[in-house]
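I am attaching a structure below and will ask some questions about it afterwards.
Because the structure is a prediction, the values reported are computed rather than measured. Below, read A as the first sequence line, B as the second, and so on, with proteins coming before strands; counting in each chain starts at 1.
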Number of protein chains: 2
Amino acid sequence: MIQSVERAIHILEAIAHAGGAAHLNEIAGITELRSTTAHNILKTLQSLGYVRRRGGDTRYHLGDRIQNLARVAGDDDRLRRDLRALLEAMAEESGETVFLAVPSGDEVYFLDAIESRETLKAGSQSGERLPMAGSAIGLLFLAHIPRIRQRMLETHADRISLNLELEIEAIAQRGYALDQENWLPGLSCVAVPYAEAGEVRAGFGLAGPSFRLPLGRLEMLAGLMGDILDDRVPI
Amino acid sequence: MIQSVERAIHILEAIAHAGGAAHLNEIAGITELRSTTAHNILKTLQSLGYVRRRGGDTRYHLGDRIQNLARVAGDDDRLRRDLRALLEAMAEESGETVFLAVPSGDEVYFLDAIESRETLKAGSQSGERLPMAGSAIGLLFLAHIPRIRQRMLETHADRISLNLELEIEAIAQRGYALDQENWLPGLSCVAVPYAEAGEVRAGFGLAGPSFRLPLGRLEMLAGLMGDILDDRVPI
DNA sequence: CATTATTATTCAATAATTTTGAATTTTGCA
DNA sequence: TGCAAAATTCAAAATTATTGAATAATAATG
């Protein structure tokens, strides 16, 4: 357990607890550190952009860099809680297996799922991970999240086929992703994006046997899922 | 400059750069640390909740705690950039002085402003700070952001008048805040909230001489500002 | 299924960093 | 303008974190 790292984190949390800004002595008081020690750590955090001071205010504020981490970190538990009701609505209204997934590294991570009550159904895969390019929901992330697509280009530039590029382009155009037996014979899928603050954070997917899911119905279901998402009332 | 704090931050950024998850050796490679050193720091961050590993995956992921910091940190520069166009639209359509503010600690911090072209106008106060309870926009934050209200109750419980409580309640009900010469004789204001991810992050304010801003016009302007905000097209 | 290779973790000694406390400077306020 | 409070700097001391090697766990391979 590294002491100064622990202390630095406590300092950040002390500032957060004070509402986002606090004086050196206030911080030293809360964290029970000498003011010099707190000062050293704060200067380090400041030079890294995790703490700043704005014009004419001697208080230390939390810095912008934290936002960069947060954007990538996601917060899966909150998403699962917040979106559970929507997932249930989708399961109810479609009758098929539905699931919720988020991007995690260069993979898709399945947060939650509800299985269809039909005899022939797609299995749920909650807790599993799939490569980005190997699922409708992964293609959705590639199409809608620039940072993910860029990372894909950097690391797997060789493995990106023209076909894949066109597919991603098509998804970006129409908003949702379709998979008609590309991934598994007999299985069809739809995936729609969930966005917060103008950025796609997660995706809802639906999968089932192809004979129940002709193209027309897949498109209808994409619309249905979109409508359920739009029913969320903002402030 | 404290070395281990710097290293801990670099490790967090390395994980973020890797898309939110990375193996120990990968992290050690990027940060140019011995794997033991990286391991020690990661264990510290893990015990603090800033890094975690999820079931059966030996990679280190960014942890939920980062989200707690981010919620308080805000990111003013991005907000100013993103919302500048809206501020301009409000200035244009209302003809009065308008401004953008965010909560900062237990104060209101003015991020941006556009002054009216009228001869008699409210001054802009970009860069200034005002106490929460001393401005329409501060009351707006008190009404809409539970964490801010709670902090107010904890620290200034004695100074909260029944009047203030009722006013906050009224703002929470109708959505926007009004100030008719409460703060300064002859000056009237409106303030409307700006929300992201279901949480109020900033507020737009408008101020001008009371003779140009009777109650009816203030209410109309609140509606106008709300409409400009709603015109932002989500995905 | 056994074997190999990779990756993660533990440990004690050493080297180095960080903490200390006092002194100085800056800032805020009457 | 002068006082008080807060922030910052500095060199010595002491604890802390780093090292590197060795072990354990995990994944990959034939």
Side-chain angles (χ1 to χ4, degrees), chain A residues 1-12 14-15 18-48 50-63 104-107 109 127-131 155, chain B residues 1-12 14-15 18-48 50-63 104-107 109 127-131 134:
Chain A
M1 187 106 323
I2 281 155
Q3 196 183 55
S4 31
V5 172
E6 205 175 350
R7 290 179 167 180
I9 296 291
H10 284 153
I11 284 179
L12 288 175
I15 298 175
H23 287 280
L24 174 59
N25 284 341
E26 197 178 340
I27 294 168
I30 299 173
T31 55
E32 300 185 342
L33 296 172
R34 301 288 151 75
S35 63
T36 308
T37 303
H39 178 255
N40 283 335
I41 295 173
L42 281 164
K43 280 294 166 217
T44 305
L45 291 172
Q46 185 175 27
S47 79
L48 295 165
Y50 285 77
V51 140
R52 68 145 184 273
R53 301 167 104 173
R54 1 184 207 218
D57 184 1
T58 62
R59 293 180 304 174
Y60 289 90
H61 296 248
L62 292 176
S104 167
D106 51 5
E107 295 174 318
Y109 180 69
E128 269 192 87
R129 249 177 293 276
L130 248 53
T155 51
Chain B
M1 188 107 320
I2 281 156
Q3 195 183 56
S4 28
V5 172
E6 203 175 352
R7 290 178 167 181
I9 296 292
H10 284 154
I11 284 179
L12 288 175
I15 298 175
H23 287 280
L24 173 59
N25 284 341
E26 199 179 338
I27 294 168
I30 299 173
T31 56
E32 300 185 341
L33 296 173
R34 302 287 150 74
S35 63
T36 307
T37 302
H39 179 254
N40 284 335
I41 294 173
L42 281 164
K43 281 293 166 218
T44 304
L45 291 172
Q46 186 175 27
S47 80
L48 295 166
Y50 285 77
V51 139
R52 68 148 185 271
R53 302 167 103 172
R54 18 184 194 212
D57 185 0
T58 62
R59 293 180 304 176
Y60 288 91
H61 296 247
L62 292 176
S104 166
D106 50 6
E107 295 174 317
Y109 180 70
E128 270 191 86
R129 250 177 293 276
L130 247 53

According to side-chain hydrogen bond (donor to acceptor under 3.5 Å, both in side chains), who are the partners of Q46(B), at least two apart in sequence or on a separate chain? K43(B)

Report yes or no: is the cationic atom of R53(A) (NZ for Lys, CZ for Arg) closer than 6.0 Å to the six-membered ring centre of Y60(A), at no more than 45° off its axis? yes

d(NZ, K43(B); P, dT18(D)) in whole Å: 16 Å

Please report the distance, rounded to the nearest Å, between CG in L33(A) and C1' in dT18(C). 12 Å

On DNA chain D, more 5' by nearest nucleotide between R59(A) and T36(B) is R59(A)

Filtered N/O pairs between nucleotides 11-17 of chain D and protein, under 3.5 Å:
from    : atom 1 : to    : atom 2 : distance (Å)
dA17(D) : OP1    : Q3(A) : N      : 2.3
dA17(D) : OP1    : S4(A) : N      : 3.3

Contact summary for T37(A) and R7(A), nearest pair of heavy atoms: CG2-NH1, 3.9 Å

Kindly say if H23(B) contacts the phosphate of dT7(C), meaning a side-chain N or O under 4.0 Å from OP1 or OP2. no

I27(B) atom CD1 is separated from dT9(C) atom C1', nearest whole Å, by 15 Å

Looking at every non-hydrogen atom in both residues, tell me the closest pair between R52(A) and G63(A) and how far apart they are. NH1-CA, 4.2 Å

Could you report the tightest heavy-atom contact between L48(A) and H10(B), atom names first, then the distance? CD2-NE2, 4.2 Å

OP1 or OP2 of dT7(C) sitting under 4.0 Å from any side-chain N/O of Y60(B)? no

Kindly give the atom pairs (protein nitrogen or oxygen, nucleotide nitrogen or oxygen) under 3.5 Å for nucleotides 26-30 of chain C.
none

When rounded to whole Å, the CG to C1' distance for the pair L42(A) and dT9(D) reads 16 Å

Flag the pair I27(A) / L33(A) as yes when at least one side-chain heavy-atom distance between them is below 4.5 Å, and no otherwise. no

Figure out the CD/P separation between E32(B) and dT19(D), and round it to whole Å. 12 Å

Looking at dT8(D), I'd like to know if its phosphate oxygens (OP1 or OP2) sit under 4.0 Å from a side-chain N or O belonging to R53(A). yes

Under 3.5 Å: donor-acceptor pair, side chain of S35(A), backbone of A28(A): no

Between dT25(C) (P) and H39(A) (NE2): distance, integer Å: 15 Å

Between T31(A), L42(A), V51(A), which is the residue that forms a side chain to side chain contact (heavy atoms under 4.5 Å, CB included) with L12(A)? V51(A)

Correct closest heavy-atom pair for I15(B) and A22(B) would be CG2-N, 4.4 Å

Under 4.0 Å between a side-chain N/O of N25(A) and OP1 or OP2 of dA7(D), yes or no? yes

